Protein chains: 2
Amino acid sequence: MDHAVDLEGYLERLKEEGFRLTGPRRVIIETLLENLGRHLNARELMELVQEQDSNVGFATVYRTLELLVGLGMLNRISLEEGFSRYEVPDEQMHFHLYCRFCGKTIHLDDEKAKEALVRSWMGDSGFVLLPQTFEVAGVCSDCRQCLADGAEALAPCGKLCRGRGARFCRRHRGGAEA
Amino acid sequence: MDHAVDLEGYLERLKEEGFRLTGPRRVIIETLLENLGRHLNARELMELVQEQDSNVGFATVYRTLELLVGLGMLNRISLEEGFSRYEVPDEQMHFHLYCRFCGKTIHLDDEKAKEALVRSWMGDSGFVLLPQTFEVAGVCSDCRQCLADGAEALAPCGKLCRGRGARFCRRHRGGAEA
DNA sequence: TTGCTTGCAAATTTTTTGCAAGTAG
DNA sequence: CTACTTGCAAAAAATTTGCAAGCAA
C-alpha cells in the first residue's frame, strides 16, 4: 500500500519547477514521505519535523504544504474535522470506508478496478482524473449498535463520539457517561 | 435534482428528537432548505439568515449546524477551501466532477446506478452507506490547456486560480497577469 | 550577488465557549 | 415554571502575512 516514493526524485521535481531545495523543505518532504499512510495534518507534520530540526516554524510548514499542493505534488484532503490533512499522491487512487461517528477507517481492495470505474464516470466531460483518495462515509457496525431505537435518527454513539458533534450526542446529554 | 424537502417534516424531526423548535432554528432550517443546491458555508448561511432576522448570531448558526449534523439531518462537506460547507442529505448520493484548479463543478448523471456501485464496495465490512456527495477531483479541459509545457507538473492555470494556492502559481509568479 | 526563503510575531479567518437573559413546552 | 436556547463578546484553533535576516544557486 505504501510503496515508497523516491525521495530524491521528489526533491528533484521541486528544483525542476524552479524552487530552491532548502533545509526546511528537505525535512518537511522527508517527513511526508516517511509517513505515507498517515494523512498527517499541519500540526502533526510540524511536530515530526521539529524532532529533526526544532528551528522550522509553522509558517514554513504551511507554506511548503501550499507549494506542494499547488504543484500537484501533494493532495489536501478533509475528514471534516475542521482542518486539513495531506497525502502524497500515489500513482493510483485509494478507497476508504470512513465511519462518520467513530472515525474508524477501513481500506478497500481492488483499487485499480475501482479507479477505472471512477475514470469512466468522467465520460466526455473533458476532465482528466487526478489520483485521489475517496473517503466513503458510512456507519460502522459497532456504531450502528449504539444507535438507539430510532434507527434513522443516527444519533452519534457514546463510545468514541469524538470531535465537534459530541455536545449534542443523545448519549452524552443524558449524562450516561461518555 | 433539488426535489424539495418537506419543511414541516424536517422541523418535526427536530422536535421528535427532543429539541425545541425556536425562531432562529426555524429560519436557519428554512434557509437551508430554500438553498438546497448551493452547499452553503456558515458565513453564507449567516448572511441569508440575517436577511430574515438580523438578530440571529453566528454562534446560533454554528450551534444549529452542529446539532443537525449530529442528528444526521445535514452533511458537512469540504471543497478544501479552509472552511466547511453543508448540504441537506438527499435520499440518494450525488456525484460531481471538480476541477482542482479553477473550481468548476459538473454534475454527473445516473446517480442511482453509481450509488449502487459505491454501496457494493462496502461488501461485508458491516458498514452502512450514508448518502453523500462525491467530489471527483480532476483537471478540466480549459485548465489543461493552461498547464504549460511540463504536462505533469500540473501548475495551476492563470485564469481563475482561486484560493490558497494562487501565491505559488507559476503564471502568477512570472507576473504574466492573472 | 540576487532574490527566493525563512522565522518570528502579529493578523486573519473560522469555529467554539462562557454566561446572563430569553422563551418553548 | 424549568431548563433548553440565544446573543454577545471573548476565546480557541487553524492558517496567513509582513518583514528583516538568511541562504541557495
Side-chain angles (χ1 to χ4, degrees), chain A residues 11-12 14-29 40-47 49-50 53-71 76 78-86 162-170 172-175, chain B residues 11-12 14-29 40-47 49-50 53-71 76 78-86 162-170 172-175:
Chain A
L11 292 171
E12 195 52 41
L14 243 200
K15 208 143 82 178
E16 279 167 14
E17 291 291 339
F19 295 97
R20 293 191 179 161
L21 217 39
T22 66
R25 283 180 178 165
R26 219 185 187 91
V27 179
I28 290 170
I29 291 174
L40 298 172
N41 63 30
R43 174 170 11 201
E44 291 164 348
L45 176 59
M46 175 69 171
E47 281 163 9
V49 163
Q50 291 207 321
D53 178 350
S54 58
N55 272 49
V56 179
F58 252 112
T60 300
V61 168
Y62 274 108
R63 279 187 285 231
T64 303
L65 287 173
E66 192 171 304
L67 169 62
L68 296 176
V69 169
L71 291 175
R76 198 196 312 276
S78 167
L79 261 38
E80 269 95 71
E81 300 164 294
F83 50 79
S84 297
R85 292 185 176 279
Y86 298 85
R162 64 172 194 181
R164 336 203 217 192
R167 192 186 333 153
F168 290 114
C169 176
R170 317 294 275 121
H172 290 160
R173 289 212 309 159
Chain B
L11 293 171
E12 195 52 41
L14 243 200
K15 208 143 80 176
E16 279 168 14
E17 291 290 341
F19 295 98
R20 293 190 181 163
L21 217 37
T22 65
R25 282 180 178 166
R26 220 187 186 89
V27 178
I28 291 169
I29 290 174
L40 297 172
N41 62 31
R43 173 165 16 196
E44 291 164 347
L45 176 59
M46 175 68 172
E47 282 162 9
V49 163
Q50 292 207 321
D53 179 348
S54 58
N55 272 49
V56 179
F58 252 112
T60 301
V61 168
Y62 274 108
R63 279 188 284 231
T64 303
L65 287 172
E66 193 171 304
L67 168 62
L68 295 176
V69 169
L71 290 175
R76 198 196 312 276
S78 167
L79 261 37
E80 269 93 74
E81 300 164 295
F83 49 79
S84 297
R85 292 185 177 279
Y86 298 84
R162 66 172 192 181
R164 338 203 216 191
R167 191 188 333 154
F168 290 114
C169 174
R170 316 295 276 119
H172 290 160
R173 289 210 310 157

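So that the names make sense, note that chain A is the first sequence line, chain B the second, and so on, each numbered from 1. Every value quoted in this text rests on a predicted model; they were computed, and no experiment measured them.
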What one-letter contact string describes nucleotides 18-25 of chain D from 5' to 3', where B marks a base within less than 4.0 Å of any protein heavy atom, S marks contact via sugar-phosphate atoms alone, and - marks no contact? B-----BS
For B:Glu47, which residues count as a side-chain hydrogen bond (donor to acceptor under 3.5 Å, both in side chains) partner, sequence neighbours excluded? none
How many angstroms lie between CZ in A:Phe19 and CD in A:Glu17, if you round to the nearest 0.5 Å? 7.0 Å
When you measure from the side-chain N and O atoms of A:Ser84 to the phosphate of D:dT15, is any distance below 4.0 Å, counting only OP1 and OP2? yes
What nucleotide, of C:dT15, C:dT5, D:dG7, holds the atom closest to the side chain of A:Arg25? C:dT5
Taking only residues two or more places apart in sequence, or in another chain, which ones meet B:Glu12 in a side-chain contact (heavy atoms from CB on, under 4.5 Å)? B:Lys15, B:Glu16
Measure CD/A:Glu47 against P/D:dA13 and give the value in whole Å, please. 13 Å
Would you mind reading off the distance between B:Glu12 atom CD and C:dA24 atom C1', rounded to a whole angstrom? 14 Å
Test side chain to side chain contact (heavy atoms under 4.5 Å, CB included) applied to B:Asn41 and B:Leu45, step by step: CA-CA 6 Å; B:Asn41 62 31; B:Leu45 176 59; over 6 Å; no
Taking the side chain of B:Asn55 as its heavy atoms from C-beta onward, which of C:dG7, D:dG7, D:dT6 lies nearest to it? D:dG7
Overall bend - the helix from C:dT1-D:dA25 to C:dG25-D:dC1, comparing terminal axes fitted on five pairs, nearest 10 degrees: 40°
Rounded to the nearest 0.5 Å, how far apart are CG of A:Leu68 and CG of A:Leu14? 6.0 Å
Taken in chain and number order and not counting sequence neighbours, the residues that satisfy side-chain contact (heavy atoms from CB on, under 4.5 Å) with A:Arg20 are A:Thr22, A:Arg25
Under the rule for side-chain contact (heavy atoms from CB on, under 4.5 Å), what residues qualify as partners of A:Gln50, not counting sequence neighbours? A:Met46
Main-chain N/O of A:Arg63 paired with A:Glu66 side-chain donor or acceptor, under 3.5 Å: no
For the CG atom of B:Leu67 and the CD1 atom of B:Ile29, what is their distance to the nearest 0.5 Å? 8.0 Å
Phosphate oxygens OP1/OP2 of C:dT14: is one of them under 4.0 Å from a side-chain N or O of B:Arg43? yes
Could you state the CZ-C1' distance from A:Phe83 to C:dT16, rounded to the nearest angstrom? 15 Å
Taking salt bridge (Lys or Arg N to Asp or Glu O under 4.0 Å) as the definition, give me every residue that meets it alongside A:Arg26, ordered by chain and number, with sequence neighbours left out. A:Glu8
Given atom CE of A:Met46 and atom P of C:dT6, what is their separation to the nearest angstrom? 13 Å
Which atoms form the tightest heavy-atom contact between B:Pro24 and B:Thr60, and what is the distance? CB-CG2, 3.9 Å
Measure from CZ on B:Phe58 to P on D:dA13 and round the result to the nearest Å. 19 Å
Using whole Å, report how far CG of B:Asp53 lies from P of C:dT23. 11 Å
Can you tell me the distance, in whole Å, between the CD1 atom of A:Ile28 and the C1' atom of C:dT5? 11 Å
Could you tell me the separation between the CD atom of A:Glu66 and the P atom of C:dT5, rounded to a whole number of Å? 13 Å
Nearest-0.5 Å distance that lies between atom OH in A:Tyr86 and atom CD in A:Glu44: 12.0 Å
Below 3.5 Å is the cut-off: list the nitrogen or oxygen pairs between protein and nucleotides 10-12 of chain D, distance only.
none

Check whether any side-chain nitrogen or oxygen of A:Tyr62 sits under 4.0 Å from OP1 or OP2 of D:dT15, and answer yes or no. yes
